Amino acid sequence: MSALTWLNTEAFTVFGQKVIWSDMIGNLMGLAALALGWRRSIWTWPAQLLSGLILIAAYASAHLAGGVGKQLLVIGVAVFGWISWQRGKQQAQDGSIAVRTATWTERGLLLGGAALGTLAVGGLFTLYPSLSWSPWADAYIFVGTIVAMVAQARGLVEFWFAWLLVDLVGVPLAFTGGLAFSGLVYVVYFALVVWGAYDWYQRSRTNPAPALEGAAA
């Protein structure tokens with residue numbers, strides 16, 4: 001049995017829902033990445049990259065093209081985030097990555113990009129139904145993930161709220177697609193998001209910082 005085949009085999013059943021290995025392992029890595037992000041550890045990016053690689057198998061098995069695309073973007077943005085945080089080291093007074101709230105211009109750009117991107121990707125998925133059985137939800141997740149990770153790479157507090165908005169659609173879609181573990185772990189994700197948002201916001205007030213070097217405004 002190949003590693004890919006094994007990843008998509010059943011690990012166990014919970015509440016009548018089958019949990020496959022790729023869904024479980026990938027989401028546990030995602031939880032680790034989120035916890036590392038809260039701690040402002042640069043190792044959040046390798047963890048996100050590994051999570052994305054594993055979850056590609058899970059979403060492919062559920063025929064969720066948007067989910068697969070999301071994980072491909074996770075991998076790409078993880079590389080971008082690693083580079084940005086490497087360049088942004090030592091900006092905070094404690095020698096870690098500095099965080100800040102976005103300007104109104106940045107918020108407008110993030111929201112505008114999310115709206116236009118969702119319309120474009122949703123239109124593409126609608127034109128080619130074979131790409132996704134839930135085109136608009138997939139498009140929302142696909143684009144929202146880019147927005148959240150770019151905001152995280154720039155050290156913006158708003159990235160936590162972007163992740164939360166993505167998860168509000170991603171959780172029910174995961175259950176519908178048979179990825180039960182993805183839905184279950186978001187209870188923990190929610191707690192980490194609330195905790196992380198509060199921590200980053202407090203740090204942004206006591207230690208304001210400029211945008212990370214190497215990240216476009």
Side-chain angles (χ1 to χ4, degrees), residues 8 17 19-20 22-34 37 44-45 47-81 107 109-153 156 158-190 192-194 196-197:
N8 284 330
Q17 293 276 349
V19 176
I20 60 176
S22 57
D23 187 25
M24 181 178 68
I25 297 172
N27 276 290
L28 288 175
M29 287 299 303
L31 279 174
L34 194 63
T44 184
W45 300 109
Q48 289 195 36
L49 189 150
L50 183 57
S51 173
L53 286 172
I54 296 171
L55 285 174
I56 285 176
Y59 283 99
S61 72
H63 305 289
L64 291 172
V68 173
K70 169 186 171 179
Q71 300 310 321
L72 290 172
L73 288 170
V74 164
I75 293 168
V77 181
V79 175
F80 166 72
R107 290 170 183 169
L109 289 171
L110 291 172
L111 287 171
L116 291 174
T118 300
L119 288 173
V121 176
L124 177 66
F125 285 171
T126 301
L127 283 173
Y128 299 95
S130 60
L131 292 176
S132 173
W133 54 265
S134 184
W136 292 104
D138 264 352
Y140 175 88
I141 293 169
F142 187 98
V143 176
T145 297
I146 302 177
V147 172
M149 293 189 69
V150 168
Q152 182 185 8
L156 302 179
E158 284 76 4
F159 110 82
W160 294 101
F161 303 103
W163 270 126
L164 183 59
L165 291 173
V166 168
D167 295 342
L168 289 176
V169 174
V171 173
L173 190 66
F175 275 113
T176 304
L179 301 178
F181 200 83
S182 289
L184 293 173
V185 297
Y186 281 99
V187 176
V188 182
Y189 269 137
F190 180 79
L192 283 174
V193 165
V194 172

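Numbering starts at 1 and runs along the sequence shown. The structure displayed is predicted, hence computed values, not measured ones.
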Nearest heavy atoms of [X] and [Y], plus distance in Å:
X: Ala153; Y: Phe80; value: CB-CE2, 3.4 Å
X: Leu156; Y: Leu110; value: CD1-CD1, 4.3 Å
X: Ala114; Y: Val147; value: CB-CG2, 3.8 Å
X: Asp138; Y: Phe125; value: CB-CE1, 3.7 Å
X: Gln48; Y: Ala78; value: CB-CB, 4.5 Å
X: Ala197; Y: Phe161; value: CB-CZ, 4.0 Å

Just how far is it from atom [atom1] of [X] to atom [atom2] of [Y], taken to the nearest 0.5 Å?
X: Met149; Y: Thr44; atom1: CE; atom2: OG1; result: 7.5 Å
X: Leu164; Y: Glu158; atom1: CG; atom2: CD; result: 13.5 Å
X: Gln71; Y: Phe142; atom1: CD; atom2: CZ; result: 11.0 Å

Q) Who are the side-chain hydrogen bond (donor to acceptor under 3.5 Å, both in side chains) partners of Thr145, not counting sequence neighbours? A)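 side-chain hydrogen bond (donor to acceptor under 3.5 Å, both in side chains) check on Thr145 returns nothing, list empty.
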Show me, pair by pair, the donor-acceptor contacts under 3.5 angstrom made by side chains of residues 50-57, not counting sequence neighbours?
unit_1 : atom_1 : unit_2 : atom_2 : d
Ser51  : OG     : Gly26  : O      : 2.7

Q: Report the residue from Val143, Thr126, Ile146, Ile141 that forms a side-chain contact (heavy atoms from CB on, under 4.5 Å) with Val121.
A: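 Looking at Val143, Thr126, Ile146, Ile141, the match for Val121 under the side-chain contact (heavy atoms from CB on, under 4.5 Å) is Val143.
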Q: Would you mind reporting whether Trp160 and Gln152 have side-chain heavy atoms less than 4.5 Å apart?
A: no
Q. Can you name the residues that form a side-chain contact (heavy atoms from CB on, under 4.5 Å) with Leu124, not counting sequence neighbours?
A. Tyr128, Leu131
Q) Are the side chain of Tyr140 and the backbone of Leu165 linked by a donor-acceptor contact shorter than 3.5 Å? A)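 Confirmed, Tyr140 side chain pairs with Leu165 backbone.
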